[in-house]
Asker: 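One structure, pasted below without further comment.
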Amino acid sequence: MKSYNHIWEIVISPDNIRKAICKASLGKRERKTVKEIYENIEAEIPKFQRFAENYRHRNKEPRIIKEGQKERCIIVPSFKEQVLHHMIVGALQPIIMKRMYEHCHGSIPGRGPALAAYHIKKWIRHDEKNVKYFLKMDIYHFFASIPHDMLKAYIAKYIHDPKFNKLMGEVIDCAPDGLPLGFHTSHWLANWYLQPLDTFIKQKLGAVHYVRYMDDMVIFGSNKRELHKMRKAISEFLKSIGLEMKGNWQVARFHRTSNGVDKYRFLDFMGFRFYRNRTALRKNIMLRMTKRARRFTKHKGIYSCRKMIAALGWLNQTDTYGMYVKWMKPYISFRNIKRKISRYDRRVRREKRLCGTDLKAV
C-alpha cells in the first residue's frame with residue numbers, strides 16, 4: 001500500500017467541511033445548536049478549520065446501552081466533534097476503500113448484511129465442494145481491544161502528514177482503551193486496521209470463500225483439517241496486532257438434507273441462518289420485526305417507515321414469505337411506505353440548499 005501526504009489540506013478544505021456538516025446534521029436539523037450551524041455553513045467553515053487545528057481530546061463518561069441481551073459502552077460526541085469525525089472520514093474514505101477486501105462488510109456504504117448474505121448464498125448454491133465445512137470466529141472485545149500505539153503506528157505507516165496524525169491521535173485517545181463506540185471514525189479505523197488480516201487469509205492461507213462482517217469472520221472450505229490450521233494461523237496473526245480470537249470459534253460440517261431430514265449444522269451469521277436449501281432469519285430478529293409491524297399502525301412517522309424498509313431488505317434475502325404474509329402483511333403496506341418516504345425525500349430536496357449543495361450527491 002502506497003503512502004499518502006497532504007491529508008490535512010483535504011480535512012480542512014471548505015468542500016469537505018460542507019459535506020461533513022450536511023452529513024452530521026442529518027436527522028438533527030431541528031435542534032437549535034445544529035440548526036444554527038447548518039443554516040450558516042459558510043460562516044462556520046473557518047471556525048471548524050480552527051477547531052480541527054486546536055482539537056484536544058477530553059475524557060468522556062461512557063453511556064451503557066442495551067442491544068437485546070448485550071450491553072455496550074458508547075461515548076456520545078458533541079455535534080462539533082461529530083462534524084470533525086465526518087471531516088476525517090471524508091479524507092480517509094478514498095484511501096481505505098482503495099484496498100478494501102471485496103467481501104468485507106459492516107459499517108461500509110453499500111455493503112450491509114443483505115449483500116453479504118447474497119454472496120454466501122451464491123457460494124452455497126454454486127460451489128458445494130468448497131462449502132462442505134465452515135470456520136466461524138470473531139475477535140474478543142474487538143473495539144475495546146485495539147491498542148492505541150499499534151493503531152497510531154499503522155496510520156503513520158501509510159500517512160506521512162504530522163498535522164493529520166496528531167489529530168488522529170487526539171481522536172483515538174478520547175477512549176482510555178480501544179476505539180470508542182459512538183464515534184463515526186471508529187468503524188472506519190477498525191476496518192482499516194483489519195485489512196492486513198484479510199490479505200493474510202486470502203493470499204497467504206489461500207481461503208477460497210471468506211467473508212468478514214466487522215470482527216465476525218466465516219471461511220468455507222473442503223477440508224476440516226485445513227480449516228483448523230487456518231484458525232491457528234489466524235489466532236497467531238491476531239496476537240501480532242494486539243488482538244485475541246474469542247474462544248467460541250467453531251469448525252463444523254455445513255448443513256445438508258437427506259431424504260428431507262436436516263443433517264449437520266446451519267451457519268448462524270449476521271442475523272441470518274444459512275442452510276443448504278434455504279435461508280431464514282434468526283428467531284429474535286424475526287420476532288422483533290413482527291412486533292415492529294404491529295406497532296406501526298400507531299407510529300407511522302418517517303423514522304418508523306425507514307425502519308420497516310430496512311426490515312424489507314432483510315426479508316428479501318430470506319425464504320420467509322409465509323412469516324411475512326401471516327405476521328406483517330396485515331399491518332403494513334410496503335408500497336405505501338415507499339411512497340411516503342419518496343414524498344418526504346422530495347420535500348427535503350426542495351428545501352433551501354446552502355451554496356448549491358445537493359445532499360443526495362453528498
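Bear in mind the structure is a predicted one, so any value in this text is a computation, not a measurement.
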Asker: Please give me the minimum heavy-atom distance between Phe296 and Cys305, naming the atom from each residue.
Answerer: CZ-SG, 3.8 Å

Asker: Considering only heavy atoms from C-beta outward, does the side chain of Pro162 approach that of Lys166 to under 4.5 Å?
Answerer: no

Asker: In Å and rounded to the nearest 0.5 Å, what is the CD1 to CG distance from Ile219 to Asn130?
Answerer: 12.5 Å

Asker: Can you measure from NZ (Lys132) to CD (Glu128) and round to the nearest 0.5 angstrom?
Answerer: 9.5 Å

Asker: Could you check whether any side-chain N or O of Asp138 sits under 3.5 Å from a backbone N or O of Asp215, counting only pairs where one atom can act as donor and the other as acceptor?
Answerer: no

Asker: Mark yes when over 12 heavy atoms from residues, nucleotides or ligands other than Lys28 sit less than 6.0 Å from its NZ; otherwise mark no.
Answerer: yes

Asker: Any ion pair linking Lys163 and Glu53 (charged N to carboxylate O, less than 4.0 Å)?
Answerer: yes

Asker: Identify whether Trp314 and Ile337 are in the same connected component of the hydrophobic contact network (ILVMFWY, side-chain heavy atoms under 4.5 Å).
Answerer: yes

Asker: Which is it for Ile37 and Thr33 under the side-chain contact (heavy atoms from CB on, under 4.5 Å) test, yes or no, and what are the steps along the way?
Answerer: CA-CA 7 Å; Ile37 293 174; Thr33 53; 5.8 Å; no

Asker: For His141, look at atom NE2 and say whether over 12 heavy atoms of other residues, nucleotides or ligands are found less than 6.0 Å away.
Answerer: no

Asker: Hey, does Leu92 have a side-chain heavy atom less than 4.5 Å from the side chain of Thr185?
Answerer: no

Asker: With a 4.5 Å heavy-atom cut-off, do Ile21 and Phe48 have their side chains touching?
Answerer: yes

Asker: With Tyr193 as reference, evaluate Tyr154, Trp188, Phe143, Tyr158 under the ring-ring contact (aromatic ring centres under 6.0 Å, His included) test and give the passing residue.
Answerer: Tyr154

Asker: Under 4.5 Å between side-chain heavy atoms, hopping through other hydrophobics if needed: is there a path connecting Met270 to Tyr118?
Answerer: no

Asker: Under 3.5 Å, is there a donor on one side chain and an acceptor on the other for Glu81 and Tyr55?
Answerer: yes

Asker: Which heavy atom in Asn16 sits nearest to a heavy atom in Ala91, and how many Å separate them?
Answerer: OD1-N, 4.3 Å

Asker: Are Ile309 and Ile332 linked, directly or through intermediate hydrophobic residues, by side-chain heavy-atom contacts shorter than 4.5 Å (ILVMFWY only)?
Answerer: yes

Asker: Is there a donor-acceptor contact under 3.5 Å from the side chain of His160 to the main chain of Lys157?
Answerer: yes

Asker: Taking the six-membered ring for Trp and the full ring for Phe, Tyr or His, determine whether the centres of Tyr101 and Tyr210 are under 6.0 Å apart.
Answerer: yes

Asker: Please check this pair: side chain of Gln195 against backbone of Ile96, looking for a donor-acceptor N/O pair closer than 3.5 Å.
Answerer: yes

Asker: What's the shortest heavy-atom distance between Arg256 and Tyr264, and which atoms?
Answerer: NE-CE1, 3.4 Å

Asker: Do you know the tightest heavy-atom contact between Asn40 and Glu36?
Answerer: ND2-O, 2.7 Å

Asker: Please check if the side chain of Arg111 supplies one atom and the backbone of Cys104 the other of a donor-acceptor pair under 3.5 Å.
Answerer: yes

Asker: Test your reading of the model: is there a side-chain donor-acceptor pair from Glu170 to the backbone of His57, 3.5 Å cut-off?
Answerer: yes

Asker: Answer whether the closest heavy-atom distance between the side chains of Ile172 and Leu189 falls below 4.5 Å.
Answerer: yes

Asker: Check the pair Asn277, His255 against side-chain contact (heavy atoms from CB on, under 4.5 Å), reporting the backbone distance first and the verdict last.
Answerer: CA-CA 9 Å; Asn277 58 346; His255 170 268; 3.6 Å; yes

Asker: Look up atom CZ in Phe51 and atom CD1 in Ile17, then write down how far apart they are to the nearest 0.5 Å.
Answerer: 11.5 Å

Asker: Under 4.5 Å between any side-chain heavy atoms of Met308 and Met328, yes or no?
Answerer: yes

Asker: Enter the distance from Met87:CE to Ile10:CD1 here, rounded to the nearest 0.5 Å.
Answerer: 12.0 Å

Asker: Taking 4.0 angstrom as the limit, do Asp198 and Arg99 come out as a salt bridge?
Answerer: no

Asker: Check whether any side-chain heavy atom of Phe164 lies under 4.5 Å from a side-chain heavy atom of Ile88, and answer yes or no.
Answerer: yes

Asker: Rounded to the nearest 0.5 Å, what separation is found between the CD1 atom of Ile139 and the CD1 atom of Ile146?
Answerer: 8.0 Å

Asker: Without placing hydrogens or testing angles, list every side-chain donor-acceptor pair under 3.5 Å for residues 220-238, not counting sequence neighbours.
Answerer:
unit_1, atom_1, unit_2, atom_2, d
Asn223, OD1, Arg225, N, 2.8
Asn223, OD1, Glu226, N, 3.1

Asker: Using a 3.5 Å distance criterion without hydrogens, assess whether the side chain of Lys136 forms a donor-acceptor pair with backbone atoms of Ala252.
Answerer: no

Asker: Do other residues, nucleotides or ligands put more than 12 heavy atoms under 6.0 Å from Arg56 CZ?
Answerer: yes

Asker: Can you confirm whether His209 sits close enough to Val131 that some side-chain heavy atom of one is under 4.5 Å from a side-chain heavy atom of the other?
Answerer: yes

Asker: Whether the side chain of Lys47 engages the backbone of Ala43 through a donor-acceptor N/O pair (distance < 3.5 Å, no angle test) should be reported.
Answerer: no

Asker: Do Asp161 and Tyr4 have side chains that approach each other closer than 4.5 Å (heavy atoms only, starting at C-beta)?
Answerer: no

Asker: Are Tyr321 and Ile285 co-members of a hydrophobic cluster defined by side-chain heavy atoms under 4.5 Å apart?
Answerer: yes

Asker: For Met289 and Trp327, what are the C-alpha separation, side-chain angles and deciding distance, and is it a side-chain contact (heavy atoms from CB on, under 4.5 Å)?
Answerer: CA-CA 9 Å; Met289 280 186 186; Trp327 298 106; over 6 Å; no

Asker: Measure the CZ-CE distance between Arg212 and Met214 for me, rounded to the nearest 0.5 Å.
Answerer: 7.5 Å

Asker: Is the backbone N or O of Ile155 less than 3.5 Å from a side-chain atom of Asn165, with the two atoms forming a donor-acceptor pair by type?
Answerer: no

Asker: Mind listing the closest non-hydrogen atom pair of Phe183 and Cys174 along with its distance?
Answerer: CE2-CB, 3.7 Å

Asker: Can you list the steps and then say if Thr318 with Met286 is a side-chain contact (heavy atoms from CB on, under 4.5 Å)?
Answerer: CA-CA 11 Å; Thr318 62; Met286 184 178 67; over 6 Å; no

Asker: Please give me the minimum heavy-atom distance between Gly106 and Asn191, naming the atom from each residue.
Answerer: O-ND2, 3.2 Å

Asker: Could you pull out all residues at least two apart from Arg278 that satisfy salt bridge (Lys or Arg N to Asp or Glu O under 4.0 Å)?
Answerer: Asp262

Asker: Any donor-acceptor pair under 3.5 Å linking the side chain of Lys202 with the backbone of Val208?
Answerer: yes

Asker: Counting N and O atoms only, with roles assigned by atom type, does the side chain of Asp127 sit under 3.5 Å from a partner on the main chain of Trp123, one being a donor and the other an acceptor?
Answerer: no

Asker: Can Leu315 be reached from Phe272 by stepping across I, L, V, M, F, W or Y side chains whose heavy atoms are under 4.5 Å apart?
Answerer: yes

